[in-house]
**Q** 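Here it is, the structure in full.
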Amino acid sequence: MINRQLQSPPIFGKANLDSTKHLNIFLPSMSNVRVRFEPSPTGSTHIGTARTALFNWLYARKTGGTYVLRIADTDKERNSQEALDELLSVLRWLGLDWDEGPEVGGDYGPYFQSQRKSIHMEYLQKLQDTGRAYEKDGAIFFKLEGERYTEYDEYHKAEIEKVRTEPVVVKDSIRGDVTRREERDFVIVRSNGDPGFHFVNVVDDIAMKITHVLRGEDHLSNTSKHLELYKAFGAEPPIYAHMPMILRDPKQGKGKMSKRDKGALIEEYQSRHFLPQAVVNFIALLGWSPKDDQEVLELKDLLERFDLKDLQKGGARFDEKKMSHINFEHMKRLPMATYLPPAKAALLDADLASEENDAYIEKVLTICQEKIDSFENLPGFASYFFTENYPINEKAEGKATGNSDSIQRIQEITPLLDSIELWDASTIDNAFNRLAEEKELKPFAWYPVVRFAVSGTNSGPDFLPMLEVLGKDRVVNRLRKFESKYANLAAK
RNA sequence: GUCCCGUUCGUCUAGUCAGGCCUAGGACACAGGGUUUUCAUCCCUGCAACAGGGGUUCGAAUCCCCUACGGGACGCCA
């Protein structure tokens with residue numbers, strides 16, 4: 001086996017065949033495995049869609065196979081260019097590159113199903129030649145083999161025609177052999193002339209020589225249709241793997257997660273400045289787990305540990321808190337060079353930072369990084385570093401101004417801090433210590449009120465570094481402001 | 001309604017295939033304590049599960065059966 005090298009940070013376009021080079025791990029050389037991810041560009045990207053994309057990618061990379069991206073755009077009514085652009089950009093954001101598909105081409109194109117009509121029609125002809133297709137109500141149906149009979153159907157509330165077919169067996173590497181019987185002819189070409197999902201799905205998988213199909217469990221029942229088509233074409237079906245559904249947080253209701261649920265859309269994580277590696281990490285943990293106890297994993301770690309047989313069978317419930325935690329773990333591990341851009345973006349979004357003050361922003365971030373779990377919370381956590389118009393936490397205000405000593409504490413420390421020439425944490429520390437000694441108190445007597453006076457809250461980064469980063473001017477000015485604002489406390 | 005798939009702490013899961021190493025492990029969340037003389041970080045402790053019933057076995061979370069519950073499919077959507 002030759003080790004496959006892959007590249008960084010996911011650069012796409014023409015030359016992305018090896019775009020996992022940056023992961024810098026050993027992968028098997030080319031194998032015959034061909035998997036495909038077949039999204040339909042009809043809206044925002046669902047978390048389950050992303051997981052399907054991820055697991056297909058992992059399986060392809062793990063086996064040295066080929067990852068095919070095929071766009072399911074057969075329903076003209078619901079497709080849009082924006083949705084397609086969005087989809088491709090989400091895949092890139094997640095770091096999932098494809099070997100064949102839109103923008104990169106490949107030997108089995110076109111990769112848009114809407115452009116494969118001639119291929120679909122060829123296969124349709126085969127079915128018609130063997131008497132396995134017929135027209136009804138303007139649409140073309142696939143004809144099942146077996147004895148026909150009519151029966152009242154409780155679900156359709158009507159008398160319908162059914163077929164006593166032989167059962168088919170789905171070879172599923174997660175669930176084992178699943179036996180099911182298809183009992184109704186189904187539409188393969190709609191009356192508007194466009195081929196339908198089940199048909200194109202199978203035809204394209206045959207034509208593109210797909211060997212493994214990883215998809216959601218919602219397709220498991222459909223698979224009997226697909227197997228009937230494979231039989232009719234005399235083609236060898238792929239190995240299937242039906243992944244468990246991602247279910248709603250019970251607080252949000254029952255059933256599988258829908259696009260309307262909070263946390264369901266990848267675009268939501270992008271706009272909230274979540275880290276892509278955290279999103280990848282979290283969705284990988286839904287229905288799959290590494291066998292060691294390590295949970296914080298990047299793409300390359302997932303690749304090392306991934307195995308189809310370790311997929312869970314039962315549905316997984318989405319948990320927003322765990323998602324945030326995973327994001328936090330990744331954020332803490334980020335080097336400043338990679339931490340800065342998204343953090344700055346979040347600050348810019350909140351109109352806090354300006355383009356020029358990178359050095360200052362970096363200082364702020366250095367002391368905040370270990371404390372906050374998400375970039376979206378950064379503005380709330382650190383606004384007072386950037387503006388005088390920061391929010392005042394009422395609870396903290398109550399505490400800080402709760403006793404009459406507060407104003408006195410501020411009056412004592414302000415001149416000392418004002419007289420400091422070399423403004424750094426240790427000098428500031430000395431000032432507090434000297435004062436404490438003189439007053440026979442602990443420095444702790446000053447900390448809470450000073451923190452509140454300069455930040456409007458009682459929580460934040462480590463105290464002394466915070467004062468250092470804020471700078472003498474801000475600190476002293478805010479202490480003076482505090483003095484005048486709460487002057488009445490002194491009178492008590 | 002019919003068919004298919006599932007079911008270990010509140011949640012994600014390890015363990016199930018090859019029964020004993022499981023008084024069921026980890027993580028999130030929650031609760032309590034502690035450190036950091038502040039803090040949303042960090043550390044410690046606690047809480048908490050084999051859906052129920054039958055069977056096989058010396059022994060069952062693990063194998064078999066039934067029940068219950070959950071999920072999915074049943075579209076001229078994908």
Side-chain angles (χ1 to χ4, degrees), chain A residues 38-40 42 49 72-75 77-78 113 136-141 151-157 170 172 174-176 178-184 186-198 200-201 215-225 242 244-245 247 249-251 254-256 282 285-296 309-310 312-326 328-329 332 368-373 377 380-381 396 432-433 436 442-452 455 457-464 466:
Chain A
E38 184 189 71
S40 67
T42 54
T49 307
D73 58 348
T74 50
D75 187 355
E77 310 290 302
R78 310 196 326 164
Q113 288 182 320
K136 189 180 129 194
D137 303 331
I140 298 173
F141 282 71
E151 184 180 76
Y152 180 79
D153 187 276
E154 195 59 44
Y155 178 73
H156 292 94
K157 304 281 182 222
V170 183
D172 191 297
I174 297 173
R175 287 153 214 284
V178 178
T179 306
R180 197 170 179 278
R181 240 166 40 81
E182 199 57 36
E183 54 178 20
R184 290 186 77 201
F186 53 92
V187 171
I188 50 180
V189 180
R190 298 187 267 165
S191 53
N192 69 0
D194 290 336
F197 166 71
H198 302 297
V200 298
N201 185 274
R215 42 152 65 148
E217 193 189 344
D218 47 347
H219 285 297
L220 184 54
S221 315
N222 288 150
T223 309
S224 46
K225 288 187 181 70
H242 287 96
M245 300 275 83
L247 272 18
D249 183 318
K251 276 170 253 154
K254 298 173 79 160
K256 63 175 176 177
F282 177 70
L285 260 18
L286 253 22
W288 172 84
S289 88
K291 294 311 167 197
D292 46 27
D293 281 334
Q294 204 182 327
E295 281 197 331
V296 181
K309 73 172 170 41
D310 294 333
Q312 193 80 4
K313 293 191 184 85
R317 222 144 243 134
F318 174 80
D319 182 3
E320 198 190 347
K321 292 218 170 103
K322 184 111 183 187
M323 168 81 245
S324 293
H325 172 76
I326 296 282
F328 180 40
E329 292 296 333
K332 277 195 295 194
C368 292
Q369 180 173 13
E370 61 173 10
K371 302 285 183 179
I372 58 159
D373 64 351
N377 291 337
F381 186 81
F432 276 100
N433 288 332
K442 287 187 171 178
F444 176 66
W446 286 267
Y447 278 29
V449 65
V450 171
R451 176 184 281 277
F452 172 76
S455 74
T457 181
N458 60 355
S459 67
D462 289 345
F463 183 63
L464 269 359
M466 176 196 75

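In what follows, every chain begins at residue 1, and chains take the letters A, B, ... in the order their sequences are listed. Predicted model only: the values in this text are computed from it and were never measured. Just so it is clear, the values below take in all heavy atoms, side chains as well, and ignore hydrogens, waters and symmetry mates.
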**Q** Report yes if a side-chain nitrogen or oxygen of A/Thr74 is closer than 4.0 Å to either non-bridging phosphate oxygen (OP1 or OP2) of B/A78; otherwise report no.
**A**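 Yes, A/Thr74 has a side-chain N/O under 4.0 Å of OP1/OP2 on B/A78.
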
**Q** So, using ring pair (Phe, Tyr, Trp, His ring centres under 6.0 Å) as the criterion, who are the partners of A/Phe381 when residues are at least two apart?
**A**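 None.
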
**Q** Atom CG of A/Asp75 and atom C1' of B/G75: how far apart are they, to the nearest Å?
**A**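 Checked: the CG to C1' distance equals 11 Å.
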
**Q** Just to be sure I understand the rule, does A/Asp137 reach a base, reach only the sugar-phosphate, or reach nothing, if contact means heavy atoms closer than 4.0 Å?
**A**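 Contact class for A/Asp137: base.
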
**Q** Nearest-Å distance, NZ (A/Lys313) to C1' (B/G72)?
**A**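 In whole Å, B/G72 C1' and A/Lys313 NZ are 16 Å from each other.
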
**Q** For A/Glu329, which residues count as a salt bridge (charged side-chain N to carboxylate O under 4.0 Å, His left out) partner, sequence neighbours excluded?
**A**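 Here the qualifying residues are A/Lys332, A/Arg333.
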
**Q** Considering every strand and a 4.0 Å limit on heavy-atom distances, what is the contact class for A/Phe381: base, sugar-phosphate, or nothing?
**A**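 Base contact - A/Phe381 has a heavy atom under 4.0 Å of at least one base atom.
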
**Q** Using the P atom as the reference point in each nucleotide, state the distance between B/C47 and B/A24 in Å, no decimals.
**A**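 My reading of the P atoms in B/C47 and B/A24 gives 11 Å.
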
**Q** When you check the phosphate oxygens OP1 and OP2 of B/G75, does a side-chain N or O of A/His198 lie under 4.0 Å from one of them?
**A**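 A/His198 to B/G75 OP1/OP2: no side-chain N or O under 4.0 Å.
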
**Q** Which part of the nucleic acid does A/Asn433 contact within heavy-atom distance under 4.0 Å: base, sugar-phosphate only, or nothing?
**A**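 Answer is base: heavy atoms of A/Asn433 come under 4.0 Å of a base.
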
**Q** Between B/C12 and B/U37, how far is it from one P atom to the other, in whole Å?
**A**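 Taking atom P in both B/C12 and B/U37, they lie 40 Å apart.
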
**Q** For A/Phe282, which residues count as a ring pair (Phe, Tyr, Trp, His ring centres under 6.0 Å) partner, sequence neighbours excluded?
**A**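 Testing A/Phe282 for ring pair (Phe, Tyr, Trp, His ring centres under 6.0 Å), a comparison that skips the adjacent residues, returns A/Phe318.
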
**Q** What's the gap between B/A14 and B/C9 when it is taken at their P atoms, as a whole Å value?
**A**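 Here B/A14 and B/C9 have their P atoms 12 Å from each other.
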
**Q** Would you kindly check whether a donor in the side chain of A/Ser40 faces an acceptor in the base of B/A78, or vice versa, at under 3.5 angstrom?
**A**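 Looking at the base of B/A78, it does not pair with any donor or acceptor on the side chain of A/Ser40 (distance under 3.5 Å).
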
**Q** On RNA chain B, compare the nucleotides closest to A/Pro39 and A/Lys371; which residue's is nearer the 5' end?
**A**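 Between the two, 5'-proximity favours A/Lys371.
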
**Q** How long is the line joining CG of A/Asp462 and P of B/C39, in whole Å?
**A**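 Distance, rounded to whole Å: 11 Å.
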
**Q** In whole Å, I'd like the distance from the CZ atom of A/Phe328 to the C1' atom of B/C39.
**A**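 Interatomic distance, CZ of A/Phe328 to C1' of B/C39: 12 Å.
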
**Q** Could you list, one pair per line, each protein nitrogen or oxygen that sits under 3.5 Å from a nitrogen or oxygen of nucleotides 67-71 of chain B, together with the distance?
**A**
from  : atom 1 : to       : atom 2 : distance (Å)
B/G70 : OP1    : A/Lys254 : NZ     : 3.4
B/G71 : OP1    : A/Gly255 : N      : 3.2

**Q** Just call it for A/Lys332: base, sugar-phosphate, or nothing, with non-hydrogen atoms closer than 4.0 Å on any strand.
**A**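 The residue A/Lys332 makes sugar-phosphate contact but no base contact.
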
**Q** Quick one: are A/Leu285 and A/Ile326 in side-chain contact, heavy atoms under 4.5 Å?
**A**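 The answer is yes, as the side chains (C-beta and beyond) meet within the 4.5 Å cut-off.
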
**Q** Before accepting this row, confirm whether a basic side-chain N of the pair A/Arg184/A/Glu182 lies closer than 4.0 Å to the acidic partner's carboxylate O.
**A**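 Salt bridge: no.
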
**Q** Scan A/Gly314 against the nucleic acid and name what it touches under 4.0 Å (heavy atoms): base, sugar-phosphate only, or nothing.
**A**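 It contacts sugar-phosphate atoms only.
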
**Q** Any side-chain heavy atom of A/His242 within less than 4.5 Å of one from A/Thr223?
**A**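 Contact flag for A/His242/A/Thr223 side chains = yes.
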
**Q** If stacking means aromatic ring centre less than 5.5 angstrom from the base's six-membered ring centre, planes under 30°, is A/Tyr155 stacked on B/U2?
**A**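 Given the distance and angle limits, no, they do not stack.
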
**Q** Could you tell me the Watson-Crick or G-U partner of B/C22, where both distances fall under 3.5 Å? Say none if there is no partner.
**A**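 In the structure as shown, B/C22 has no Watson-Crick or wobble partner.
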
**Q** Under 4.0 Å, heavy atoms only, any strand: does A/Thr457 hit a base, just the sugar-phosphate, or nothing?
**A**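 The answer is nothing, as A/Thr457 stays clear of every strand by at least 4.0 Å.
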
**Q** With rounding to the closest Å, how many angstrom separate the P atoms on B/G26 and B/G46?
**A**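 The answer is 10 Å between these two P atoms.
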
**Q** With sequence neighbours left out, what residues match A/His219 under ring pair (Phe, Tyr, Trp, His ring centres under 6.0 Å)?
**A**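 So A/His219 forms a ring pair (Phe, Tyr, Trp, His ring centres under 6.0 Å) with A/Phe197.
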
**Q** Identify whether any heavy atom of A/Ile372 sits under 4.0 Å from a base atom; if not, whether one sits that close to sugar-phosphate; answer base, sugar-phosphate or nothing.
**A**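 No contact at all - A/Ile372 keeps every heavy atom at 4.0 Å or more from the nucleic acid.
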
**Q** Measuring only the C1' atom in each nucleotide, how far is B/U67 from B/U23? A whole number of Å is fine.
**A**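 Going atom to atom, C1' in each nucleotide, I get 30 Å.
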
**Q** Going 5' to 3' along nucleotides 16-26 of chain B, which nucleotides have protein heavy atoms under 4.0 Å from the base (write B), which only from the sugar-phosphate (write S), and which from neither (write -)?
**A** ----------B

**Q** Could you tell me whether A/Pro448 contacts a base, only the sugar-phosphate backbone, or nothing, with contacts defined as non-hydrogen atoms closer than 4.0 Å?
**A**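 No contact.
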
**Q** Say you pick atom C1' in B/A78 and the same atom in B/C22; how far apart are they, in whole Å?
**A**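 Pairwise C1' distance, B/A78 against B/C22, rounds to 44 Å.
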
**Q** Can you tell me, in whole Å, how much space there is between the P of B/C4 and that of B/C65?
**A**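 Looking at atom P only, B/C4 and B/C65 are 14 Å apart.
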
**Q** Applying a 4.0 Å non-hydrogen cut-off, can you work out what A/His219 is touching in the nucleic acid: base, sugar-phosphate, or nothing?
**A**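 Since a base atom lies under 4.0 Å of A/His219, the category is base.
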
**Q** Please name all residues satisfying salt bridge (charged side-chain N to carboxylate O under 4.0 Å, His left out) with A/Lys254, sequence neighbours left out, ordered by chain then number.
**A**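 Once residues adjacent in sequence are excluded, A/Lys254 has no partner under the salt bridge (charged side-chain N to carboxylate O under 4.0 Å, His left out) criterion.
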
**Q** Between atom CZ in A/Phe463 and atom C1' in B/U37, what is the gap in whole Å?
**A**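 Between C1' of B/U37 and CZ of A/Phe463: 10 Å.
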
**Q** Describe the nucleic acid contact of A/Asp373 in one word from base, sugar-phosphate, nothing, applying a heavy-atom distance below 4.0 Å.
**A**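 No contact at all - A/Asp373 keeps every heavy atom at 4.0 Å or more from the nucleic acid.
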
**Q** Counting the atoms with a prime plus P, OP1 and OP2 as sugar-phosphate, which does A/Leu464 contact under 4.0 Å by heavy atoms, base, sugar-phosphate, or nothing?
**A**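 Since no nucleic acid heavy atom lies under 4.0 Å of A/Leu464, the category is nothing.
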
**Q** Grab the two heavy atoms, one from A/His198 and one from A/Phe186, that are nearest each other, plus how far apart they are.
**A**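 Heavy atoms of A/His198 and A/Phe186 come nearest at CB-CE1, 4.2 Å.
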
**Q** When you compare B/C63 with B/G20, how far apart are their C1' atoms, in angstrom units rounded to a whole number?
**A**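 Those two atoms are separated by 14 Å.
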
**Q** Under 4.0 Å, heavy atoms only, any strand: does A/Ser191 hit a base, just the sugar-phosphate, or nothing?
**A**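 Here A/Ser191 touches the bases of the nucleic acid.
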
**Q** A/Asn458 near the nucleic acid: base, sugar-phosphate alone, or nothing, with a heavy-atom cut-off under 4.0 Å?
**A**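 Sugar-phosphate contact only.
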
**Q** Among B/C28, B/G72, B/C76, which nucleotide sits nearest the side chain of A/Ala139?
**A**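 Selected nucleotide (nearest to the side chain): B/C76.
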
**Q** Is any side-chain heavy atom of A/Asp462 less than 4.5 Å from a side-chain heavy atom of A/Glu370?
**A**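 With C-beta onward as the side chain, the pair touches.
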
**Q** In this structure, how many angstroms lie between the C1' atom of B/C42 and the CD atom of A/Gln369, rounded?
**A**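 Computing the A/Gln369:CD to B/C42:C1' distance gives 15 Å.
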
**Q** So, do A/Glu295 and A/His325 sit near enough that their side-chain heavy atoms are less than 4.5 Å apart?
**A**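 In short, these two side chains do not touch, never coming nearer than 4.5 Å.
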
**Q** Looking only at side-chain atoms of A/Lys225, point me to the closest of B/C76, B/C74, B/U41.
**A**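 When the side chain of A/Lys225 is considered, B/C74 is the closest of B/C76, B/C74, B/U41.
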
**Q** Expressed in angstrom and rounded to an integer, what is the separation of A/Lys291 atom NZ from B/G15 atom C1'?
**A**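 It works out to 9 Å between those atoms.
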
**Q** Heavy atoms under 4.0 Å, any strand shown: does A/Lys157 hit a base, just sugar-phosphate, or nothing?
**A**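 Touches nothing.
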
**Q** Separation of A/Met466 atom CE from B/U41 atom P, in whole Å?
**A**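 From A/Met466 CE to B/U41 P: 17 Å.
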
**Q** By ring pair (Phe, Tyr, Trp, His ring centres under 6.0 Å), which residues pair with A/Phe452, not counting sequence neighbours?
**A**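 With sequence neighbours excluded, A/Phe452 shows a ring pair (Phe, Tyr, Trp, His ring centres under 6.0 Å) to no residue whatsoever.
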
**Q** Can you sort out the partners of A/Arg175 under salt bridge (charged side-chain N to carboxylate O under 4.0 Å, His left out), two or more places apart, ordered by chain and number?
**A**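 Partners of A/Arg175 under the salt bridge (charged side-chain N to carboxylate O under 4.0 Å, His left out) test: A/Glu217.
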
**Q** Find which nucleotide of RNA chain B each of A/Lys321 and A/Leu285 is nearest to by heavy atoms, and output the residue with the more 5' nucleotide.
**A**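 First, find each residue's nearest nucleotide; the 5'-ward one identifies A/Leu285.
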
